[in-house]
> 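Supplied in structure tokens, the structure appears directly below.
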Amino acid sequence: MAVTGKAIGLAMGLLALGGVAFAAAPETQSRASMELARSLIDAEQFEQAVSVLKQLDAADAATSAQIDLLFGRIYLGIGKPAKALGFFEEASFTSLDGEAEAYLGLSEADLALGDLAKARRNAALALKSDADLIPAHLVLAIADQRVGHGAEALARLRKLQKDRPDSEDVAIVLARYLAQQNGPNAGIAELEGFSSRVPTAAGAQDMLGQFLWAAGRKQDAVLARVLAKELYEARNQTGRAEAMAAWLKAVDPNGQYERQAARGPDAPPTVAAPPAVAAPQAEVAPPVEADTAPAPSVLAPIPTLRAGPSSDEPPPPAAAPRPAIKSMPIAALAHPEPLPFAPGSMMMTGSGVVLEGGRQIITNRHVIEGMTVVYVRNGTGHVRRAHVAKVSSEDDLALLEIDSPFPEGAVMPLSAIVEPAPGRSAIAMGYPMISVFGDEQPSLTEGIVAKTSGLGDDPGTFEMTAKLNKGNSGGPIFDKRGHLIGVAVGKVDTAGIYKESGTMVEDMNLGIKGGRILHFLGKTPTPETASAEMNLEDLYQEMLPRAVLVAAQK
């Protein structure tokens, strides 16, 4: 629910009138304070919401549960899902009132921490209490999407869209899903259609701007996010409006995109200094003749603008002490460690996998070429400074080393690196298009090994049906037994081949074989050990600490 400054002022005024003769009853005041706190949380005014909640008296179980729920929302809002879990759990124990909201909060916190199985269970419990709870459907769709269950996710989202065509949350998640599957233009088309029906949807305009930027339509992206900023301001969502302003200042410091739009699409380009941050296009090899093997397009690292620091953690309430947060058996940090790049600066990103010992990381050579500062963050949120230890002259591989190893268990044993085989499962894990899908946790796409040689029968690579996008470069490719069969490197340039030959080829993606990784490391392959297959959720949880985001600057 959006809240205006006038509404907040009115609510505060009502609270301040508590001592006069016509003041509302205590129960009415409590309800007004609760609604005010909710409005402040929706407006991302977390410190003010804490101040309101600290004045509430948890006189009964229902009120105490509602306070816990709102504190859980605050911790989710500032990116501390592990702390949010404790408040949502306490709310579910304290009172049956708000049970659906408590389970929803638990599912969202579990999702943020990468525990997909728990997220599903709690989302299902939320829907059992309230079948019309849209965010719970979204949690289930995101969990499906994250482990590569595309058909299930799309069917769920299309049904939600049909039932609630004007829901901004549904539109954004559906557009993100479509963009991940089919590229940013699919997300653009979905959000443009939605925005034409709901022109005041700030979040949709915000996401539309991100897709437009990823598609190379910089001027349109700037205009979309200028509008998003204005809509956020109208909603009194000042935090988001300020984030938009910082992004606009970084990418269009001279206002050249806005001026060009004002002059019209047919006007000649304005002569101005280049923007401070540019988004290079993916490196695409030119198409070759139809009777020869096409060259792959390299999955170029993604340029990303760093947002400013998140809000400070709110203090615990003083008037009504909340229960201590329970220690949760989770792999992820309560809040991912931030990448130490200046707000507004550009970084190039790819993916990688942590090797045995915890100090070495395999990625693609093209991810770190020309870069001087490199950091890595694994799926559980731990950040390390890295340096390039070795690059291959034969394969698109590089070895990074870190001074302080990742925690125990966050490594891929060398004995688990094996060769791909035809028909074997091929599950790519990495950080594609982080400006759209986020950079705190990786995502999965599922396919099979289609051929154990690459384009032109290249013996060092293999073809697979698992989808890849920019940013997947260097990320691990697993089978369902948890073996590392290779790392992502590129995809066939289907558009280039079609333009050159008029023949539309199947979308095929490429990985560097596990054997080539061992050769690069100077290691000898070991016999493959027998192990049981895992479902995708268990595989995700197991491999979460081993997959890393590689972020670098020149």
> Does the side chain to side chain contact (heavy atoms under 4.5 Å, CB included) test come out yes or no for E533 and S425, once each step is laid out?
CA-CA 10 Å; E533 288 194 354; S425 56; 5.6 Å; no
> Mark yes or no for whether D479, through its side chain, and R481, through its backbone, hold a donor-acceptor pair below 3.5 Å.
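Yes: the side chain of D479 pairs with the backbone of R481.
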> Take atom NZ of K159 as the centre, draw a 6.0 Å sphere, and report whether it contains more than 12 heavy atoms from other residues, nucleotides or ligands.
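No, not enclosed.
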> Got a second to check how far L116's CG is from S107's OG, nearest 0.5 Å?
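Between L116 CG and S107 OG, I get 11.5 Å after rounding to 0.5 Å.
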> Given side chains that start at C-beta, do those of L521 and I362 come closer than 4.5 Å, heavy atoms only?
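Contact flag for L521/I362 side chains = yes.
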> Are T349 and V550 close enough that some pair of their side-chain heavy atoms sits under 4.5 Å apart?
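Side-chain contact under 4.5 Å: no.
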> Do L355 and I361 have side-chain heavy atoms sitting under 4.5 Å apart?
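The answer is no, as the side chains (C-beta and beyond) never meet within the 4.5 Å cut-off.
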> Drop me the distance from L539's CG to F478's CZ, to the nearest 0.5 angstrom.
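Here the rounded value is 6.5 Å.
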> Looking at L85 and L106, what are the two nearest heavy atoms and their distance?
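Looking at all heavy atoms of both residues, the shortest contact is CD2-CD2, 3.6 Å.
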> What pair of heavy atoms forms the shortest contact from P338 to V383, and how long is it?
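So the minimum-distance heavy-atom pair works out to O-CG2, 3.9 Å.
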> In plain terms, say whether R158 and E190 are close enough for a salt bridge, that is, a side-chain N and a carboxylate O under 4.0 Å apart.
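Salt bridge: yes.
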> Which of these passes side-chain contact (heavy atoms from CB on, under 4.5 Å) with P545: V354, V411, N378?
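Only one of V354, V411, N378 forms a side-chain contact (heavy atoms from CB on, under 4.5 Å) with P545, namely N378.
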> Quick one: do I368 and V391 satisfy side chain to side chain contact (heavy atoms under 4.5 Å, CB included)? Show the steps, please.
CA-CA 10 Å; I368 50 80; V391 296; 4.2 Å; yes
> For T452 versus P420, what's the shortest heavy-atom pair and its separation?
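Closest heavy-atom pair between T452 and P420: CG2-O, 3.6 Å.
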> Side-chain donor-acceptor pair under 3.5 Å between R377 and H382, yes or no?
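The answer is no; no qualifying pair exists.
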> Take F341 and V373 through the test side chain to side chain contact (heavy atoms under 4.5 Å, CB included) and record every step on the way to the result.
CA-CA 10 Å; F341 295 123; V373 180; 4.1 Å; yes
> Write down the atom of I402, the atom of V376, and the distance for their closest heavy-atom approach.
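Result for this residue pair: CG2-CG2, 4.0 Å.
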> Looking at R516 and E394, does any basic side-chain N land under 4.0 Å from a carboxylate oxygen?
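A salt bridge links R516 with E394.
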> Looking at F462, I'd like to know if the NZ or CZ of K451 sits under 6.0 Å from its six-membered ring centre while staying within 45 degrees of the ring's axis.
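Cation-pi check for K451 and F462: fails.
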> To check you understand the geometry: which heavy-atom pair defines the closest contact between L191 and A175, and what is its length?
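Closest approach of L191 to A175: CG-CB, 3.5 Å.
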> Do any N or O atoms from the side chain of K390 and from the backbone of F520 form a donor-acceptor pair under 3.5 angstrom?
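Checking the backbone N and O of F520 against the side chain of K390, a donor-acceptor pair under 3.5 Å is found.
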> Answer yes or no: is there a side-chain heavy-atom contact under 4.5 Å between N364 and I512?
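A side-chain contact exists here, since the closest heavy-atom pair is under 4.5 Å.
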> Let me confirm one number: the CE-OG distance from M207 to S195, rounded to the nearest 0.5 Å.
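Reported to 0.5 Å precision, the distance equals 11.5 Å.
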> Assess the residue pair V487 and L397 against the criterion (side chain to side chain contact (heavy atoms under 4.5 Å, CB included)); give the C-alpha distance rounded to whole Å, side-chain angles, the decisive distance to 0.1 Å, and a yes or no.
CA-CA 9 Å; V487 296; L397 292 172; 3.8 Å; yes
> Could you check whether any side-chain heavy atom of M348 comes within less than 4.5 Å of a side-chain heavy atom of M371, counting everything from C-beta outward?
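Yes; the side chains approach each other to less than 4.5 Å.
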> For the backbone of R365 and the side chain of D396, can you confirm whether one donor and one acceptor N or O come within less than 3.5 Å of each other?
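Yes: the side chain of D396 pairs with the backbone of R365.
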> Are V139 and D110 close enough that some pair of their side-chain heavy atoms sits under 4.5 Å apart?
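With C-beta onward as the side chain, the pair stays apart.
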> Hey, what do you get for NE2 (H387) to CD (E401), rounding to the nearest 0.5 Å?
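Taking NE2 in H387 and CD in E401, the distance rounds to 4.5 Å.
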> Is there a donor-acceptor pair under 3.5 Å between the side chain of E356 and the backbone N or O of L414?
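Yes; judged by distance alone, with no hydrogens or angles, the pair exists.
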> Is a side-chain donor or acceptor of E463 paired with a backbone partner of V449 at a separation under 3.5 angstrom?
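It does not hold such a pair.
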> Drop me the distance from E337's CD to T380's OG1, to the nearest 0.5 angstrom.
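Answer rounded to 0.5 Å: 9.0 Å.
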> Flag the pair S351 / M429 as yes when at least one side-chain heavy-atom distance between them is below 4.5 Å, and no otherwise.
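Contact flag for S351/M429 side chains = no.
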> So, K480 and E446, do they make that salt bridge, N to O below 4.0 Å?
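The answer is yes: the pair qualifies as a salt bridge.
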> Under a 3.5 Å distance rule, please check whether T465 uses its side chain to pair with a backbone N or O of I448 as donor and acceptor.
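Pair found, side chain donor or acceptor close to backbone of I448.
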> Can you find a pair of side-chain heavy atoms, one from L248 and one from V222, that are under 4.5 Å apart?
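Result yes, sub-4.5 Å side-chain heavy-atom pair found.
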> Taking all heavy atoms of R384 and all of S404, pick out the closest pair and write down the distance.
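Of all heavy-atom pairs spanning R384 and S404, the closest is NE-O, 2.9 Å.
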> Please check if the side chain of Y540 supplies one atom and the backbone of P442 the other of a donor-acceptor pair under 3.5 Å.
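Yes, Y540 side chain to P442 backbone: donor-acceptor pair under 3.5 Å.
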> Which residue, E419, K523, K513, forms the side-chain contact (heavy atoms from CB on, under 4.5 Å) with L518?
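The option that passes is K523.
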> Going by distance alone, is a donor N or O of one side chain under 3.5 Å from an acceptor N or O of the other, for D458 and T461?
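Yes, side-chain donor-acceptor contact under 3.5 Å.
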> Any Lys/Arg nitrogen of R385 or D403 sitting under 4.0 Å from an Asp/Glu carboxylate oxygen of the other?
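No, no charged N to carboxylate O under 4.0 Å.
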> With rounding to the nearest 0.5 Å, note down the distance linking CG in L510 to CG in L455.
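Interatomic distance, L510 CG to L455 CG, rounded to 0.5 Å: 4.5 Å.
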